[in-house]
Structure formats: structure tokens, C-alpha cells
Amino acid sequence: MNYDAGDYAASLDAAMAAADYAGFAERKAAAAKKGKLRGIGMSNYIEACGLAPSAAVGSLGAGVGLWESAEVRVNAAGTIEVLTGSHSHGQGHETTFAQLVNQRFGVPIDSVSIVHGDTDKVQMGMGTYGSRSGAVGMSAVAKALDKVEAKAKKIAAHLLEADEGDIVIEDGALKVTGTDRQVPWFQMALAAYTAHNLPGGMEPGLKETSFYDPSNFTFPAGCYVCEVEIDPETGVTEIVQFVAADDFGNIINPMIVEGQVHGGVAQGIGQALLEGTRYDASGQLLTASYMDYTMPRADDLPSFKVSTSNTPCPGNPLGIKGCGEAGAIGSPPAVINAITDAIGITDIAMPASPSTVWAAIRATKH
Amino acid sequence: MYSVNYHRAASVADAAKLLKSGDAKLLSGGMTLIPAMKTRLAAPSDLVDLSRIKELQGVKVSGKTVTIGAATTHHDVASNEKLKKACPALAHMASRIGDPAVRYKGTIGGSIANNDPAADYPAALLALDATIVTNKREIAAGKFFTGLFETALKDGEIITAVTFTAPLKAAYEKFRNPASRYAIVGVFVAKGKDGVRVAVTGAGDDGVFRSKEIEAALTKSFTAAALDGVKISAKNLMSDIHASADYRANLVAVMAKRAVAAANA
Ligand SMILES: Cc1cc2nc3c(=O)[nH]c(=O)nc-3n(C[C@H](O)[C@H](O)[C@H](O)COP(=O)(O)OP(=O)(O)OC[C@H]3O[C@@H](n4cnc5c(N)ncnc54)[C@H](O)[C@@H]3O)c2cc1C
């Protein structure tokens with residue numbers, strides 16, 4: 001398997017511009033006037049997502065295959081249920097998966113329901129992790145939609161006495177291209193179930209399943225730039241600017257993608273600056289409650305400047321790379337690089353808490 | 001939680017009587033006592049709730065004298081307009097305790113009775129040379145805070161109020177624990193007509209204390225610059241997962257400087 005496609009230079013250029021890298025020296029001098037140490041740090045990452053070709057993981061010793069399954073049920077009223085093996089626990093599959101159906105058939109988004117996480121209903125699923133819900137889970141849905149579309153066009157062509165190849169689906173109707181003849185989506189669906197007038201030999205109903213096994217991993221990549229100001233008297237690090245420029249391939253829902261980046265960056269900043277489990281010599285956990293374990297909170301974070309570029313992923317039908325982990329991968333090294341740049345050292349342990357940073361500054365003076 | 005007898009006291013006298021039932025404890029805001037009961041660090045048989053007693057509520061300012069009822073919440077201290085004029089440093093301090101939920105429930109009486117070594121009020125009251133009033137007597141702050149979670153209170157004694165003379169200048173600077181928001185180091189500086197008092201919380205291994213070095217320097221000149229040469233010893237300071245004694249010693253000096261600058265601003 002190879003790194004397939006990505007515009008790495010585009011992420012780098014976008015990040016450098018958004019961060020005003022050229023103006024950094026001036027900002028550093030202004031911070032020094034206030035008695036603050038200013039530093040800038042960068043990280044370029046590439047990750048392997050969209051897990052994963054079953055044969056590949058099998059050769060690595062996995063006990064399962066990492067395909068995904070989908071079932072699309074068009075009901076007699078034209079409403080659509082999508083059963084997916086990708087579980088949604090906050091990533092918004094209910095929205096993005098429904099968008100996919102809406103974009104394909106033009107049916108109202110609220111006539112699409114997404115069923116997940118119910119083993120009584122969903123036959124099999126391999127789960128949600130490694131940014132695989134979009135690249136693998138939605139690809140399975142797309143494959144099932146292909147089958148639904150093909151059968152729907154056959155039914156419509158039969159009803160409209162047209163050629164199957166001339167049917168297009170637009171705005172919730174199946175139309176004969178170049179004419180005003182059409183049959184609404186819900187009427188086609190009803191026809192599939194009344195079965196009064198179907199093409200010869202066609203089974204009634206409209207319900208398709210698919211199993212999708214990816215041909216490669218996907219490779220999201222990006223460039224993150226963090227700028228900090230450190231108060232040398234207390235060791236407190238303030239993140240004054242944070243830029244994330246990612247190449248996520250095609251994007252179905254920009255707001256959800258941005259939210260995933262925000263959450264990931266917050267988690268990564270938490271790891272870099274705040275979060276750490278500590279034990280005493282006898283093995284007793286000392287950070288056993290949120291009175292001692294510091295989760296990142298809104299006032300620990302700046303406004304993020306995020307952007308994406310969209311090199312389609314050639315490995316799946318939707319061109320999706322995935323965005324679930326990027327924020328948490330790219331941010332800790334960017335933050336730590338900014339801190340070491342500000343202090344003039346090469347390494348500092350995470351979490352770079354105020355006391356750790358203060359001790360590191362003091363060590364440079366001895 | 002386990003089962004416990006709950007009593008809502010109607011007056012301080014009523015509370016004193018109820019406190020004699022079984023192994024009873026006073027309940028004020030419950031922000032410290034209830035979590036302690038959940039983990040069984042405390043297991044009273046009875047709770048005597050002070051929070052509805054009228055005579056324990058509210059901030060009074062008469063001339064230069066400030067009196068705060070024991071069951072007054074941090075929120076009510078922080079938002080009292082008269083106090084904001086008489087002693088803005090104390091109102092500001094209360095506004096930075098914990099989070100909004102803690103400030104709406106937690107009270108000054110509960111805070112000082114508990115005397116957590118990282119709590120804010122002990123530093124304020126010690127620096128303001130406040131008097132702690134109980135149902136039995138009056139105790140000077142300097143005699144009240146006796147050690148880690150230790151006070152001069154006797155069994156059955158109930159704090160009813162705290163009173164002090166408004167200082168000429170004062171300010172509190174706190175380096176917050178990023179998780180709990182308690183003080184890793186908090187320094188309250190107050191310049192009164194009888195001199196300068198500086199109290200430090202969060203840092204001492206025996207609880208809140210007055211810093212003689214800082215007081216001496218500020219008595220000469222009540223300016224941040226007066227503290228430039230002052231070194232704080234790490235001896236007798238706490239060391240824990242959040243901060244070493246050395247780091248705390250540094251923070252005492254830094255917070256003191258910033259507090260003086262704020263008091264003069
Ligand atoms: C998340 C969190 C963050 C916090 N952050 C801070 C902070 O930043 N700074 C800070 O200073 N504090 C902080 N606190 C503590 C908070 O201020 C508590 O409210 C305070 O310590 C106890 O006050 P209470 O009214 O809740 O007392 P309770 O929990 O009701 O009582 C505490 C103790 O005092 C006794 N007591 C109560 N009232 C009286 C009285 N009138 N006379 C005699 N004994 C009495 C009780 O019997 C009990 O032993 C925090 C607490 C939490 C939960």
C-alpha cells in the first residue's frame with residue numbers, strides 16, 4: 001500500500017499564511033517588551049485512517065476483517081432507513097449519512113433515518129474508530145445506494161415507458177432527461193411495493209445491502225502552527241494563536257468536520273499543557289478526580305483558525321480521507337515546539353504545566 | 001450517600017441545641033461536607049443546616065466596619081455593592097472562588113471552619129486582621145487558623161459572623177490550581193491604619209501564614225518595587241503534584257508583587 005494522494009504543500013502554505021509566519025519576529029519583539037517569551041511551533045503530520053483492507057489487517061494478525069456493512073431500505077411511502085455498522089457517538093452520522101442520501105435522491109433530509117448501534121437491527125458492523133465511518137462506513141452506504149438507484153431507475157423507466165439510461169434523479173423525482181416526463185420518488189417507491197406494474201421478472205420491494213472492503217488506508221495530512229506567550233515569572237503558557245490546515249479529501253459536512261478539528265485540538269492542547277495522571281510511590285492514583293486532573297476548558301483555549309484543502313482520496317468512492325484524529329495528532333507537537341522555541345530549549349515533558357515550564361526557564365539560567 | 005438525619009435550624013440557638021443530637025455536624029453550603037460524606041471521610045449521624053437562618057445572612061457595612069454573616073454565600077459577598085466600595089479586594093477574591101455553582105452554595109463560615117490550606121478566605125481574614133464571631137466568643141483571625149484543616153473552634157461552637165475594619169488599600173492575587181481553581185498560592189496584602197499585613201494561602205505546610213519578610217519590605221515602602229530583592233524561602237512550604245516548594249516560594253513573591261501593584265492601581 002502506498003501514500004495515495006494529498007496536497008501537502010497546500011496545507012503548509014495555508015498554515016503559514018494564516019499564522020502570519022513572516023510577522024512572527026515583530027510579535028516576538030513586542031511580547032519581549034511586555035516581559036513575555038513568545039514562541040512559534042509547527043507540526044506536519046500524515047496519518048493512516050479509514051481502517052482498513054481486510055486482507056492487509058489479516059496479514060498483520062487481526063482476527064477480523066475491517067470492511068463495513070450497510071443496508072438501505074426504501075419504504076413504500078418513499079422514506080428511507082439506512083442501517084449502518086458505523087456507530088455514532090457524537091460524530092453526527094445521523095446528519096452526514098442522511099446528507100449523502102439527500103444529495104443522491106433529492107428526498108427531504110428528514111425523511112431519512114439512520115439506524116446504528118442496535119444489534120437487533122444491524123446485521124454486522126466493525127465500528128467507529130480510525131476515521132473509518134466516513135471512508136469505509138459511508139462507502140458501504142454509497143454502494144448500497146448504487147444498487148437502490150439502479151433498481152429505482154429500472155422501475156421509473158418502466159413506468160415512464162423510457163429507456164433506463166435516460167432516467168436522472170433530481171429534486172425528489174425520477175425524470176426522463178430532456179423531457180418533462182417524471183415520476184416522484186415516493187410514487188416510484190409505492191410502485192415497488194404494490195408491484196402492480198413492475199418490469200417483467202423484477203422482485204417487488206426496494207431494499208439493498210452491501211459490504212464494502214477498502215482497497216487502501218486513507219491518508220489525511222496537514223500542517224499545524226501554534227504560537228504561545230509564556231510568563232517567565234509564573235511559567236504560565238498562553239496559546240495566543242492556533243492554526244490548523246488539513247487535507248481531508250472530500251467533505252460532506254464542513255461544520256461537523258470543523259467541530260471534529262476543534263475537539264481534537266482541544267484534546268491535544270490538554271495533553272500538551274494540562275492533562276497527566278500521577279501516582280505515588282505505592283501506586284495510589286493521585287489525580288483521581290477532576291479536582292486534581294485538569295481537563296481543558298474553554299478559557300484554556302484560543303479561537304482556532306482552521307481551514308481545509310480537499311484532494312479527493314482515490315481509494316474510496318466518496319473521496320473521503322477522514323478527520324477524526326487529526327486535531328489531536330497535529331496539536332501536541334505544535335504546542336510543545338512553540339514552548340521550546342519560546343524558552344530556547346529542545347525538549348520539555350508533557351504536560352508542560354506552569355511549574356514544569358518555570359523550572360525549564362530557570363534551568364536555562366544556571 | 002448513606003442515610004442521615006437532616007435538621008433545618010431556625011436560629012443559632014436552635015442550631016446549638018440540635019447539634020447535641022447524636023454525632024451531628026453543621027451544614028452550611030455543603031460544598032465541602034457533602035463530598036466528604038460521599039467518600040466517607042466524614043460520616044455524621046445528623047446534619048444541622050444553617051443556610052436558612054436569617055441572622056447568619058448578608059453583608060453589613062457601617063462606616064469602616066464590615067460584618068459578614070457566616071452563612072453568606074461567596075456569590076453574595078462577590079456581588080455586594082457596599083462591600084465592593086468598602087473592600088473591593090474581598091469582593092473580588094470571593095468572585096474567583098471555584099466556579100459559579102460553588103459560589104452560589106459555598107459560604108464564608110463553612111470555608112473558614114474547614115480551613116483548607118488552599119482556601120482563599122483564610123488569607124483574606126488573616127491579612128485584614130478580622131475577628132471571627134461565634135455563638136460563644138470572639139476570636140482574632142491570628143488565633144483562629146491553627147493548622148491544616150484545624151481551627152480554634154471548640155466542639156459545638158458555631159461561627160455566626162466575621163467582622164473587620166476596611167483597609168486603606170488591599171488586593172488579593174491568586175495563582176489558581178488549573179483543575180480545582182483553589183489557590184496553589186494566594187497572597188492577600190492589606191494596608192490598614194495600623195500597618196501592613198500580608199497573608200499567604202496555598203503554600204504553607206501548616207496552612208495559612210503571614211509573611212514577615214514581605215510585611216517588613218512593604219512597611220518600608222508599599223510598592224511592588226520594594227519586593228524586588230525579597231527572597232522567599234522554600235522551607236516549610238508544601239510540595240505536591242501541582243507545585244514544588246521552590247515553585248511555590250517563587251509564586252509567593254510574584255503574587256505579592258502583583259497584589260501590591262493592584263492595591264496601588
Ligand atoms: C469544585 C470546588 C472548587 C472550590 N474552589 C475553591 C476555591 O477556589 N477557593 C476556596 O477558598 N474554596 C474553594 N472551594 C471550597 C468552597 O469554598 C466551600 O464552599 C467551602 O470550603 C466550604 O463552605 P460550605 O459553606 O460549602 O461548607 P460546608 O461544606 O457546609 O461545611 C464545611 C465544614 O464547615 C463546618 N461549618 C459550616 N458552617 C459552620 C459554621 N457557621 N460554624 C462552624 N462550623 C461550620 C461544617 O460542619 C463542615 O465541617 C471549592 C469547592 C469545590 C467543590
### Query
Crowded around A:Lys34 NZ? As in, over 12 foreign heavy atoms under 6.0 Å?
yes
### Task
Determine the minimum heavy-atom distance between B:Met255 and A:Thr234, stating which atoms define it.
CE-CG2, 3.9 Å
### Message
Quick check: do A:Trp358 and B:Leu251 have side-chain heavy atoms less than 4.5 Å from each other?
### Response
no
### Task
Quick one: pull up OG in A:Ser355 and CG in B:Asp246 and give me the separation to the nearest 0.5 Å.
11.0 Å
### Query
Between atom OG of A:Ser353 and atom OH of B:Tyr247, what is the distance when rounded to the nearest 0.5 Å?
7.0 Å
### Task
Using a cut-off of under 4.5 Å on heavy-atom pairs, state which of B:Arg248, B:Lys257, B:Arg258 scores highest against chain A.
B:Arg258
### Between CG on residue B:Asn177 and CG on residue A:Asp292, distance to nearest 0.5 Å
6.5 Å
### Query
What distance separates B:Ile241 CD1 from A:Tyr293 OH, expressed to the nearest 0.5 Å?
11.5 Å
### Task
Kindly compute the distance separating OG1 (A:Thr294) from CZ (B:Arg181), expressed to the nearest 0.5 Å.
9.0 Å
### Message
Looking at every non-hydrogen atom in both residues, tell me the closest pair between A:Pro354 and B:Phe175 and how far apart they are.
### Response
CB-CZ, 3.7 Å
### Task
Could you tell me whether B:Glu213 atom CD has more than 12 heavy atoms of other residues or ligands within 6.0 Å of it?
yes
### Query
Checking A:Arg297 side chain against B:Pro178 main chain: does a donor-acceptor pair fall under 3.5 Å?
yes
### Message
To the closest 0.5 Å, what do you measure between CZ (A:Arg362) and CG (B:Asn250)?
### Response
7.5 Å
